[in-house]
Amino acid sequence: MTTVTPNSDQPTVASPRRFDKPRTPQGKAGKWAEERFGMSGSIRNQLNKVFPDHWSFMMGEIALYSFIILILTGTFLTFFFDASMAEVRYNGSYIPLDGVHMSRAYASTLHISFDVRGGLVMRQIHHWAALLFMASMTVHMFRVFFTGAFRKPRELNWLIGLGLITLGLVEGFAGYSLPDDLLSGTGLRIAEAIMQSIPVIGSWVAFLVFGGKFPGTEIIGRLYIVHVLLVPGILAGLIGAHMALLIKQKHTDFPGPGRTEQTVSGERMYPTYGLKAGGFFFIVFGMCAALGGLAQINPVWLFGPYNPAQVSSGSQPDWYIGFLDGSTRLFPSWEIRLWHHTIPPLFWPTVVLPGILFTLAGAYPFLEAKLTKDRERHNLLQRPRDVPVRTGLGAMAIAFYTVLLLSGGNDLIAKAFDISLNAMTWAGRIALLVAPPIAYAVAYKICLGLQRHDREVLEHGIETGIIKLLPNGEFIEVHQPLGPVDDHGHGQLQYAGSAVPKKMNRLGAPHHSKIRGFLWPVREKAEIEAELRALEAQQAEREQQKELTD
Amino acid sequence: MSGTPADKPKKELSADEVAKLSTEEAMIVGAEVDDVFIVHRRERFPIAGTRAEKRAERTVAAMFLIAFLAAVGFIVVFCGAVPFEWHLPGQGSQGFRYFTPLLGALLGIALGAIGIGTVLWAKWLLPEEEVVQDRHDRPKDPAQQMLTAATLVQGFHDTGIARRSMLKATLGLAGVSLGVVPLVALVGAMIKKPNRGPNQSLFHTMWGSGVAVVDGEGRRIGPADLLPGGLMTVFPGVPGGIAAGDSPTLLIRLRPGQSVKARQNQGGFQWGDYVAYSKICTHAGCPASLYEQQTGRLLCPCHQSQFDVLQDAKPVFGPATRSLPKLPLGVEVVDGTQYFVAKGDFPEAVGPAFWERP
């Protein structure tokens with residue numbers, strides 16, 4: 001291995017550097033800081049930190065960026081929101097609700113939406129960013145699961161991530177409940193019923209949280225401080241820990257040429273990766289802003305203020321709560337009554353089931369290590385196809401979750417497709433038991449098929465699509481071998497856990513085509529073309545020499 | 001490839017030697033000090049001033065220009081170019097309908113363009129690099145580990161806590177009790193004994209003997225107010241009765257020919273062809289408010305529990321287990337008009353079940 005030599009045409013310093021007497025303002029600032037903090041070594045280390053480049057690594061970034069967007073837009077909203085359940089008569093500019101009695105929380109949400117300049121767009125960006133926060137964390141979790149990134153030494157970060165998703169659910173639900181509209185109030189009503197359903201301490205828990213019988217006068221104020229201080233504080237702390245472990249342990253990396261367990265390869269944080277990541281933050285923010293302006297979300301003025309006597313059909317929570325709504329709809333009416341006490345059916349799908357799901361998810365890295373007796377440290381990722389059991393289990397979990405999520409909207413599906421609601425419920429109950437094993441079997445088979453295809457290409461080469469007629473009249477397809485072949489024409493390469501090229505022309509062309517231009521190629525002046533060609537030849541020669549010396 | 005780059009002997013350079021290096025050389029050496037090896041580095045445009053380079057630079061600059069224009073547009077729209085005050089159709093400027101979409105679109109374009117411009121800058125104009133960094137994540141050598149372990153163990157030993165059992169016991173007592181203090185402070189401040197205090201019982205509602213039946217506006221309701229097959233949400237006519245969470249009650253007038261077989265000991269709860277049930281679903285507490293008068297079925301839209309009014313509000317589908325509680329209905333005559341009154345509270349707890357409920 002050789003490292004690069006600097007490009008020869010770079011200007012060398014005319015006079016030697018003078019660290020003792022800097023001349024430029026930056027140099028002076030650097031000297032000032034070094035004399036006080038003495039951190040130039042560790043700063044350089046961080047500036048040179050290497051980040052691997054793979055699209056799937058951007059999911060976690062989206063989650064981080066949406067958290068920042070949530071803090072920015074949320075801070076704006078706190079200046080106008082009034083988390084009080086005191087009753088007022090509305091007299092703002094939204095005429096259809098003029099004179100209606102409502103809580104100050106609902107009235108101030110209307111105020112933000114109609115009477116604060118730009119308030120509505122901020123509210124909607126905040127809501128979209130919240131949905132994106134949960135969605136990107138979920139997809140990020142899939143990525144980490146299916147590639148085995150949770151394995152030793154990263155089990156703790158898996159648990160922290162799971163904690164972030166759990167707290168994200170709480171945070172989202174609390175925020176969703178704050179406007180005190182008819183839809184979110186119905187959600188709170190159900191949340192109270194869930195607390196009440198816990199055996200022995202249920203009514204104590206509900207009275208503690210709500211400060212008395214539902215709805216009481218406390219809950220919005222309490223949810224507010226939970227939503228703007230308590231949970232965001234814990235989230236920020238956990239995100240900090242998640243990042244700190246990431247920096248200490250460094251990124252995982254997909255296997256490939258030159259990739260080892262001991263190294264990580266990619267781009268340095270400063271300047272390339274930092275610019276890309278910073279740009280990506282603005283792209284994510286831009287997406288949220290465009291959604292917040294163009295796609296209406298949670299139009300609370302259409303729902304009206306909360307009223308325990310009213311509900312609208314098609315009541316759905318935000319998507320990340322949907323799986324609990326679905327489990328509640330599907331669970332049969334099994335109530336346990338013993339010695340003058342009751343365990344309501346609500347308890348099982350809303351307290352026990354999520355408890356089991358999250359415990360299983362948290363235990364998974366340890367279970368897998370125990371069952372596979374794998375105690376090794378892993379920095380290189382696995383392709384999902386190479387671990388069919390895990391991939392099958394993941395597919396099973398996703399199938400289970402998807403059935404629950406769809407069942408959370410089964411009334412809408414029933415309406416859209418004119419199906420009986422009862423049939424939807426029964427379909428959900430059956431699918432919940434049947435779909436996961438099917439998903440496992442299908443995913444497992446697909447993994448094996450993909451594995452076999454990889455081996456086949458390594459052995460026989462890439463299908464070229466060229467059909468050849470042999471003298472004996474037999475037709476065969478010409479295969480392009482990936483490397484040296486033995487006497488029988490079989491490839492000698494072993495599978496190494498990385499992607500196998502399967503299309504023509506992928507071989508021998510590892511770099512992107514050098515033709516520039518979007519609609520037509522950019523033509524350079526003749527002398528520059530010649531100069532470029534000379535340079536390329538020089539480069540190729542240098543690389544050949546390098547290969548020889550290595 | 002054999003071994004990691006870190007295994008190579010490092011160049012040790014003095015300050016004088018570093019001072020003589022070019023900036024790029026010094027950057028590469030600095031990276032290698034931290035075991036970061038730039039294995040491939042190449043200018044994207046090795047020859048300055050080509051058309052392709054100018055074009056790349058112009059594209060990035062165009063993105064930043066778009067961001068600038070969109071940001072200015074946002075400020076102009078925000079500051080009054082488009083009105084934001086809400087008006088009913090036909091009663092004032094409808095320009096506000098464009099206010100939020102414009103703000104979102106312009107902000108989205110501004111942020112998106114600056115983001116895309118930055119990413120393109122990094123991808124097109126920065127030198128192309130392939131960098132390998134040593135992870136430094138192998139466990140420290142055994143001697144190091146032992147030294148750290150010894151430091152920890154000796155420090156613990158120095159406190160003497162292992163043999164000073166009195167200290168251990170008393171510190172444990174103090175620690176545990178102090179640890180409970182914040183819990184006691186928070187839970188103790190918030191805790192409320194269930195079912196104590198006025199209108200705080202899960203077993204009782206504000207209905208009672210002689211309580212008037214009123215609608216959402218507080219008007220008294222009588223047998224003349226509903227047509228056959230009709231349904232109305234009614235509340236106890238007492239202060240706070242309309243707002244309370246467990247008050248909503250469904251007053252249903254059966255259609256001719258429909259009949260309800262009453263539960264045990266609830267024979268007199270029906271009045272004429274009127275029956276009244278708690279509207280609060282016995283599953284999760286949503287109002288069960290979708291009524292199909294032909295079949296006499298009530299549906300709760302939250303989790304789709306269905307109750308059959310003709311079977312005395314028995315759950316016939318979905319997750320609910322218990323029938324909707326039935327309100328004993330009666331009638332009193334005021335100024336020659338008949339009005340409904342409750343003959344008592346619901347005979348059982350209303351809404352979702354809980355542990356203490358028999």
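From a predicted model like this one, the values you see are computed outputs, not experimental measurements. Lettering of chains follows the sequences in order, A, B, ..., and the numbering in each one begins at 1.
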Under 4.5 Å, counting heavy-atom pairs only, tell me which of Pro194(B), Ser305(B), Pro358(B), Ala56(B) racks up the most with chain A. Pro194(B)

Shortest non-hydrogen pair, Leu275(A) vs Thr118(B), comes out as O-CG2, 3.3 Å

Let me confirm one number: the CZ-CG distance from Arg44(A) to Asp34(B), rounded to the nearest 0.5 Å. 4.5 Å

For a 4.5 angstrom cut-off between non-hydrogen side-chain atoms, does Ile283(A) reach Ile116(B)? yes

Leading residue by heavy atom contact count with chain A [cutoff under 4.5 Å; candidates Met190(B), Met27(B), Gln91(B), Glu130(B)]: Met190(B)

With a 4.5 angstrom heavy-atom cut-off, is it the side chain or the backbone of Leu535(A) that approaches chain B, or both, or neither? side chain

Measure distances from Asp115(A) to the heavy atoms of chain B and classify the residue's part below 4.5 Å as side chain, backbone, both or neither. backbone

Contacting region of Ile201(A) [heavy-atom separation from chain B under 4.5 Å]: neither

Report yes if the side chains of Arg135(B) and Gln262(A) come closer than 4.5 Å at any heavy-atom pair, otherwise no. no

What part of His101(A) gets within 4.5 angstrom of chain B, counting heavy atoms only: side chain, backbone, both, or neither? neither

Between Ala353(B), Pro287(B), Ala110(B), which has the largest tally of heavy atom pairs under 4.5 Å with chain A? Pro287(B)

Give the minimum heavy-atom separation between Gly318(B) and Ser333(A), together with the two atoms involved. O-CB, 3.6 Å

List the steps, then state whether side-chain contact (heavy atoms from CB on, under 4.5 Å) holds for Lys213(A) with Asn199(B). CA-CA 8 Å; Lys213(A) 201 169 163 180; Asn199(B) 302 322; 5.8 Å; no

Can you tell if the side chain of Pro352(B) reaches within under 4.5 Å of the side chain of Arg189(A), non-hydrogen atoms only? yes

Please walk me through it: do Thr321(B) and Arg337(A) pass side chain to side chain donor-acceptor pair (under 3.5 Å)? CA-CA 11 Å; Thr321(B) 316; Arg337(A) 289 176 212 169; 5.5 Å; no

So which of Val36(B), Leu103(B), Thr50(B) has the largest heavy-atom pair count under 4.5 angstrom toward chain A? Thr50(B)

Mind checking whether Trp86(B) and Ile95(A) have side chains closer than 4.5 Å, heavy atoms only? yes

Atom group of Ala189(B) that falls short of 4.5 Å from chain A, counting heavy atoms: neither

Checking heavy atoms, do the side chain of Gln310(A), its backbone, both or neither come under 4.5 Å from chain B? backbone

Taking C-beta and beyond as the side chain, do Asn48(A) and Gln133(B) meet within less than 4.5 Å on heavy atoms? no

With a 4.5 angstrom heavy-atom cut-off, is it the side chain or the backbone of Phe84(B) that approaches chain A, or both, or neither? both

So for Glu335(A), is it side chain, backbone, both, or neither that comes closer than 4.5 Å to the heavy atoms of chain B? both

Looking at Thr233(B), Leu202(B), Leu88(B), which has the largest count of heavy-atom pairs under 4.5 Å with chain A? Leu202(B)

Heavy-atom distance under 4.5 Å to chain A: side chain of Ala320(B), backbone, both or neither? backbone

Would you confirm whether Lys279(B), through its side chain, and Ala309(A), through its main-chain N or O, come within 3.5 Å as a donor-acceptor pair? yes

How far does CG of Leu421(A) sit from CZ of Phe317(B), to the nearest 0.5 angstrom? 7.0 Å

Using non-hydrogen atoms and a 4.5 Å limit, figure out which bit of Phe285(A) sits close to chain B: side chain, backbone, both or neither. both

Heavy-atom closest contact (Ala289(A) atom, Gly108(B) atom, distance): CB-N, 3.8 Å

To the nearest 0.5 Å, atom CZ of Arg41(B) lies from atom CZ of Arg268(A) at 6.0 Å

Answer with side chain, backbone, both or neither: which region of Ile280(B) has an atom nearer than 4.5 Å to a non-hydrogen atom of chain A? side chain

What distance separates Glu129(B) CD from Tyr273(A) OH, expressed to the nearest 0.5 Å? 15.0 Å

Scan side-chain atoms only and decide if Glu356(B) and Ser203(A) contain a donor-acceptor pair under the 3.5 Å cut-off. yes

Could you check whether any side-chain heavy atom of Gln296(A) comes within less than 4.5 Å of a side-chain heavy atom of Thr100(B), counting everything from C-beta outward? no

Does any non-hydrogen side-chain atom of Lys193(B) lie less than 4.5 Å from one of Phe207(A)? no

Among the options Trp121(B), Phe99(B), Phe235(B), pick out the one with the most heavy-atom pairs lying under 4.5 Å from chain A. Phe99(B)

Is it the backbone or the side chain of Leu126(B) that comes under 4.5 Å from a heavy atom of chain A, or both, or neither? side chain

Got a donor-acceptor contact below 3.5 angstrom from the Arg329(A) side chain to the Pro319(B) backbone? no

So do the side chains of Trp204(A) and Trp355(B) get within less than 4.5 Å of each other, counting heavy atoms only? no

Closest non-hydrogen atoms of Val311(A) and Cys302(B), given as atom of the first, atom of the second and distance, are CG2-SG, 4.3 Å

Answer with side chain, backbone, both or neither: which region of Asp246(B) has an atom nearer than 4.5 Å to a non-hydrogen atom of chain A? side chain

At a heavy-atom separation under 4.5 Å, does Ile191(B) approach chain A through its side chain, its backbone, both, or neither? both

Side chain from CB out, backbone as N, CA, C, O: work out which of these in Ser201(B) comes under 4.5 Å of a heavy atom of chain A, or both, or neither. backbone

Chain A heavy atoms under 4.5 Å from Leu250(B): which part of the residue, side chain, backbone, both or neither? neither

